[in-house]
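Remarks on the structure that follows.
Sequence lines set the chain letters: A, B, ... in the order given, protein chains first and strands last, and positions in each chain run from 1. Quick caveat, the model's predicted, so the values are computed rather than measured.
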Amino acid sequence: MTKIATWNVNSLRVRLPQVLDWVSSYQPDILALQETKLQDENFPVADIKTAGYEVIYSGQKTYNGVAILCRVSAGINAVDIVKDLPGLEDSQRRVLFATYDKLRVLNVYVPNGESVESDKFQYKLTWLKKLTAYVKQQLKLYPHLVILGDFNIAPEPRDVHDPEAWQGQVLFSEPEHAALKTLLETGLCDTFRLFDQQEKQYSWWDYRMLAFRRNRGLRIDHILASNALGGLCTSCKIDKEPRRRERPSDHAPVIAEFKL
DNA sequence: ATGTCTCAGGGACTGAGA
């Protein structure tokens with residue numbers, strides 16, 4: 001059984017204790033992190049190694065930053081590491097791709113977009129187009145591919161606490177839905193929707209307005225699997241527990257298990 | 001009621017980004 005997880009930690013400097021605590025209890029085989037907000041020279045390699053994980057990372061000052069942890073006892077090295085989205089000139093550290101044994105892992109921190117009127121929204125759509133082109137090519141090379149991270153898109157009305165209010169807003173707009181649909185149509189499935197789930201399951205809640213306490217959230221963090229890998233998925237869940245703790249990230253981890 | 005959190009710059013608070 002292989003456990004694969006994703007978590008936007010909103011600063012690994014702040015969240016390192018929570019992350020170490022969480023990996024020690026869940027023991028994921030692979031954990032993709034987003035918004036580490038750390039330059040590579042400041043990355044806490046030693047603490048993560050002590051916790052029993054190998055790690056690769058790609059960061060920058062203040063914003064963005066991604067990392068992938070792999071449990072040492074899995075005995076696998078990351079190879080074919082990619083830190084830039086092919087075809088996109090971009091200094092923002094938002095992607096980290098690596099192969100672990102036969103599994104291709106694409107960790108993504110999709111641009112937020114700010115608002116549908118913003119230039120950043122166009123950047124988000126361009127970014128997703130480049131990602132889709134890359135995934136299409138990668139699926140030919142790797143039957144077992146997982147793309148996971150903070151997509152900053154809630155796919156359906158049931159993934160939004162108040163779909164009427166959010167309709168047309170950034171994170172839940174038509175162009176974003178079209179972009180996500182095109183990505184999925186390359187041959188991916190949303191592992192969360194392979195299974196019966198309770199209603200009102202979200203992965204992100206605004207820090208403001210008591211959003212978590214009221215469960216006013218969105219499901220914007222996803223684990224998407226190639227169809228072949230999706231066939232091996234046995235569960236996908238959102239773990240709200242770390243969001244209840246002291247000094248939480250605004251996101252909760254998402255975890256999927258595979259017969260690998 | 002955009003009500004929180006994080007970071008950087010610069011040495012208290014403000015602005016950016018989410």
Side-chain angles (χ1 to χ4, degrees), chain A residues 6-22 32-44 47 57-67 85 88 90-96 107-128 131 148-155 159-173 175-177 179-180 202-222 238-254:
Chain A
T6 178
W7 195 2
N8 178 324
V9 291
N10 184 18
S11 170
L12 188 56
R13 199 192 304 275
V14 173
R15 227 68 65 198
L16 183 62
Q18 290 92 320
V19 171
L20 295 178
D21 192 51
W22 189 78
L33 301 179
Q34 302 86 36
E35 285 205 85
T36 55
K37 300 187 177 180
L38 287 172
Q39 294 183 102
D40 289 351
E41 55 266 39
N42 300 326
F43 199 91
D47 294 297
Y57 43 91
S58 177
Q60 67 183 90
K61 197 190 263 192
T62 316
Y63 304 120
N64 308 313
V66 281
L85 197 47
L88 194 75
D90 192 2
S91 59
Q92 299 187 28
R93 304 292 81 197
R94 294 180 173 279
V95 302
L96 187 56
N107 179 15
V108 297
Y109 175 45
V110 177
N112 171 285
E114 191 180 37
S115 73
V116 295
E117 299 85 12
S118 168
D119 288 345
K120 290 174 195 155
F121 189 74
Q122 292 310 313
Y123 164 65
K124 180 177 193 174
L125 296 179
T126 302
W127 200 97
L128 287 164
L131 178 68
L148 75 175
D150 179 357
F151 285 74
N152 271 313
I153 303 175
D159 300 313
V160 178
H161 68 89
D162 185 348
E164 287 79 20
W166 278 88
Q167 188 60 54
Q169 302 296 308
V170 73
L171 313 184
F172 194 60
S173 72
E176 291 165 283
H177 289 148
L180 183 60
Y202 310 124
S203 67
W204 169 81
W205 303 258
D206 200 303
Y207 282 123
R208 296 168 290 190
M209 302 172 71
L210 306 172
F212 183 69
R213 227 176 64 184
R214 297 168 166 171
N215 197 27
R216 295 171 66 86
L218 272 64
R219 192 176 69 90
I220 57 175
D221 300 270
H222 307 300
I238 298 164
D239 183 6
K240 282 176 78 170
E241 199 50 43
R243 189 64 174 80
R244 296 191 183 98
R245 302 276 179 91
E246 289 273 299
R247 284 197 99 181
S249 167
D250 44 352
H251 295 253
V254 183

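Between the P atoms of B:dG17 and B:dA12, the separation comes to 25 Å (whole Å). If you take atom P in B:dG3 and the same atom in B:dA16, they sit 16 Å apart, rounded to whole Å. Rounded to the nearest Å, the gap between the P atom of B:dA18 and that of B:dA1 is 26 Å. Rounded to whole Å, the P atom of B:dT6 lies 22 Å from the corresponding atom of B:dG10.
DNA chain B lies under 4.0 Å from no heavy atom of any residue of residues 159-167 of chain A.
Among residues two or more places apart in sequence or in another chain, the side-chain hydrogen bond (donor to acceptor under 3.5 Å, both in side chains) test is passed with A:Gln169 by none. The side-chain hydrogen bond (donor to acceptor under 3.5 Å, both in side chains) test applied to A:Ser249 returns no partner, not counting sequence neighbours. Under the side-chain hydrogen bond (donor to acceptor under 3.5 Å, both in side chains) criterion, A:Tyr57 pairs with no residue, sequence neighbours left out. Applying the side-chain hydrogen bond (donor to acceptor under 3.5 Å, both in side chains) rule to A:Arg13 yields no partners; only residues at least two apart in sequence or on another chain are considered.
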ask   = Nucleotide by nucleotide, 5' to 3', does protein get under 4.0 Å of the base (B), only the sugar-phosphate (S), or neither (-) in nucleotides 2-11 of chain B, counting heavy atoms?
value = BBBSSSSS--
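Between the CG atom of A:Asn152 and the P atom of B:dA18 there is a distance of 8 Å, rounded to whole Å. The nearest whole Å value for the distance from the CZ atom in A:Arg216 to the P atom in B:dA1 is 14 Å. Distance CD (A:Gln92) to P (B:dA18): 8 Å, rounded to an integer number of Å. Rounded to whole Å, the distance from CG on A:Asn64 to P on B:dA16 is 17 Å. If you measure from atom CG of A:Asp250 to atom P of B:dG17, you get 17 Å, rounded to the nearest angstrom. Atoms CD1 (A:Ile153) and P (B:dA18) sit 14 Å apart, rounded to a whole Å. At whole-Å resolution of the value, CD in A:Gln60 and C1' in B:dA16 are 13 Å apart.
Using a 4.0 Å heavy-atom distance criterion, A:Phe212 is classed as making no nucleic acid contact. As judged by a 4.0 angstrom heavy-atom cut-off over every strand, A:Arg94 is placed among residues touching the sugar-phosphate backbone only.
No side-chain donor-acceptor contact under 3.5 Å links A:Lys61 to the backbone of A:Gln39.
Of all the heavy atoms in A:Tyr202 and A:Arg219, the pair that sits closest is CD2-N, 3.9 Å.
Ring planes of A:His251 and A:Trp204: tilted class, angle from 30 to 60°.
Defined by atom type and a distance below 3.5 Å, a donor-acceptor pair is present between the side-chain atoms of A:Glu35 and A:Tyr109.
Partner of A:Gln34 under the side chain to side chain donor-acceptor pair (under 3.5 Å) criterion, chosen from A:Asp150, A:Asn107, A:Asn10: A:Asn107.
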